[in-house]
Amino acid sequence: MTPRFNLLLLILLLLVGVPLYWFQFDASAPGARPVPLTMSRLRELADGLPGPAPEELRQEVLGYRSELYNRIAAGSGLRPIRLPVRAFEAVVPGQAPILIDAGTTPAEARKRDLQNFDIAAQHRVDGRARTAALKLVLLDRPFHRGNAALVSPEAAPLPDLDGGEPRAVAPGVVAIPLEGLPDRAMMVYMRLEDGREFLFTGDVATVDANWVEERPPARTFSTLAKGDERRRTVSWLMTIKALKRAAPAMIVVSGHEPRNVPGIASGFAKDRSLPAGQAAGHVPNDHVFGRING
């Protein structure tokens with residue numbers, strides 16, 4: 001090869017390689033810092049309201065969506081990943097349950113190509129939406145909010161979360177608004193009656209790799225018009241990681257983590273024979289979830 005050819009090859013590699021790395025693999029977010037939120041503060045808030053805390057968590061798996069892994073976590077590759085859409089029920093002794101996310105609608109499932117949509121499971125979730133004491137939506141998007149027309153007449157109103165401060169919304173339950181992120185994104189911290197702790201991240205951490213490795217979505221798939229959104233996203237990922245470090249036994253429930261969630265039983269109203277953690281659908285054991293949450 002001639003020196004001129006080598007130079008041209010180097011220039012070509014730089015022209016292609018640098019943008020490819022920047023847009024597909026780089027997970028940096030200059031200026032990102034953990035949010036000043038502590039486990040002691042969350043526990044204090046969880047204990048602040050009188051009454052019984054939830055005693056059990058249950059889930060319904062409503063279907064699956066397929067995405068490129070890089071679309072979820074930068075640097076994870078262009079292979080597809082199958083992401084479950086779930087809704088959760090917190091069972092409170094002697095009271096109506098608390099609903100976390102409400103699934104979707106058949107129309108949205110068709111429109112957005114939700115795979116293996118379980119209409120029976122969605123009907124069970126809709127039933128809970130009609131009777132729940134409280135409905136918490138982690139993200140105001142079609143795979144989280146369910147049918148907005150289904151409202152429980154007994155549901156307690158949410159406190160004002162516009163200030164960005166975490167608030168106790170029920171005994172043992174704390175809503176954490178993700179200030180700076182769109183679609184009214186929130187996390188939910190829950191401390192059960194037996195002391196077990198859970199952190200529902202919503203889509204700020206779609207999978208465990210987001211918060212474990214502090215990887216936001218690749219820039220190719222993120223909102224370039226809102227540069228500050230990436231910094232805020234990584235700041236919240238750092239915060240989740242810090243909270244988990246402070247409470248190693250706490251289960252972090254990432255928004256659409258493929259692996260079964262330990263400590264959460266399957267089925268709202270039916271099929272209560274399965275033990276906790278045996279959810280419908282799972283992925284091979286090499287996924288990061290098992291190494292982090294149990």
Side-chain angles (χ1 to χ4, degrees), residues 18-38 41-42 65-78 80-81 83-86 100-102 104 108 112 136-145 148 158 160-167 174-189 199-245 252-258 288:
V18 172
L20 179 65
Y21 176 79
W22 177 254
F23 283 104
Q24 288 289 338
F25 298 100
D26 180 61
S28 66
R33 297 287 185 275
V35 175
L37 179 65
T38 65
R41 177 59 177 156
L42 291 176
R65 61 188 181 95
S66 184
E67 300 281 0
L68 292 178
Y69 214 150
N70 253 20
R71 189 182 185 95
I72 304 302
S76 299
L78 297 177
I81 180 173
L83 304 171
V85 173
R86 294 182 173 103
I100 300 178
D101 277 351
T104 188
E108 288 290 354
R112 299 176 186 277
L136 300 168
V137 176
L138 299 174
L139 191 71
D140 190 13
R141 298 293 299 275
F143 287 159
H144 293 265
R145 63 179 171 243
L158 284 177
D160 182 12
L161 300 175
D162 288 342
E165 292 295 321
R167 303 285 181 88
V174 179
I176 308 167
L178 302 182
E179 189 177 15
L181 298 186
D183 299 315
R184 289 185 277 188
M186 73 161 69
M187 298 194 297
V188 170
Y189 166 78
L199 181 66
F200 296 84
T201 71
D203 282 16
V204 70
T206 300
V207 295
D208 288 334
N210 291 125
W211 64 268
V212 173
E213 302 169 15
E214 297 174 8
R215 288 185 174 274
R219 287 183 175 87
T220 304
F221 305 106
S222 60
T223 307
L224 297 180
K226 299 180 180 179
D228 193 48
E229 190 177 311
R230 183 180 183 85
R231 179 184 61 80
R232 291 178 182 272
T233 296
V234 176
S235 292
W236 281 109
L237 296 177
M238 292 176 171
T239 304
I240 296 167
K241 190 172 184 176
L243 292 172
K244 174 66 173 179
R245 190 182 302 117
V252 177
V253 185
S254 298
H256 300 277
E257 171 61 39
V288 68

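All values below were derived from every heavy atom in this structure, side-chain atoms included, with hydrogens, water molecules and symmetry-related copies excluded. Source: prediction; values computed, not measured.
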Given side chains that start at C-beta, do those of [X] and [Y] come closer than 4.5 Å, heavy atoms only?
X	Y	answer
Leu199	Ile176	yes
Asn210	Ser254	no
Leu181	Val204	yes

Could you state the interatomic distance from [atom1] ([X]) to [atom2] ([Y]), rounded to the nearest 0.5 Å?
X	Y	atom1	atom2	result
Lys244	Asp208	NZ	CG	9.0 Å
Ile81	Ser66	CD1	OG	9.0 Å
Arg41	Thr38	CZ	OG1	8.0 Å
His144	Met186	NE2	CE	12.0 Å
Ser235	Asp228	OG	CG	8.5 Å
Arg33	Arg231	CZ	CZ	9.5 Å

Of all heavy-atom pairs between [X] and [Y], which one has the smallest distance, and what is that distance?
X	Y	value
Ala205	Trp211	CB-CD1, 4.0 Å
Arg112	Phe143	CB-CZ, 3.6 Å
Pro216	Val234	CG-CG2, 3.7 Å
Pro177	Gly164	CG-C, 3.6 Å

Query raised in the report: Could you go step by step and tell me if Tyr69 and Val207 meet the side-chain contact (heavy atoms from CB on, under 4.5 Å) rule?
Result: CA-CA 10 Å; Tyr69 214 150; Val207 295; 4.1 Å; yes
Requested in this report: Check the pair Thr233 / Glu229 against side-chain contact (heavy atoms from CB on, under 4.5 Å), numbers first and verdict last.
Outcome: CA-CA 6 Å; Thr233 296; Glu229 190 177 311; 4.3 Å; yes
Where the side chain of [X] meets the backbone of [Y], is there a donor-acceptor pair that is under 3.5 Å apart?
X	Y	value
Thr104	Glu108	no
Arg86	Glu257	yes
Arg167	Ala175	no
Thr206	Gly255	no

**Report entry** Test side-chain contact (heavy atoms from CB on, under 4.5 Å) applied to Glu67 and His256, step by step
**Finding:** CA-CA 11 Å; Glu67 300 281 0; His256 300 277; over 6 Å; no
Report task. Count the heavy atoms belonging to other residues, nucleotides or ligands that lie under 6.0 Å from CZ of Arg184, then report whether that count exceeds 12. Result -> no
Requested in this report: Let me know which of Asp183, Asp203, Asp101 forms a side chain to side chain contact (heavy atoms under 4.5 Å, CB included) with Leu138.
Outcome: Asp101
Requested in this report: Identify which one of Thr239, Leu243, Ile240 satisfies the side chain to side chain contact (heavy atoms under 4.5 Å, CB included) criterion when paired with Val35.
Outcome: Thr239
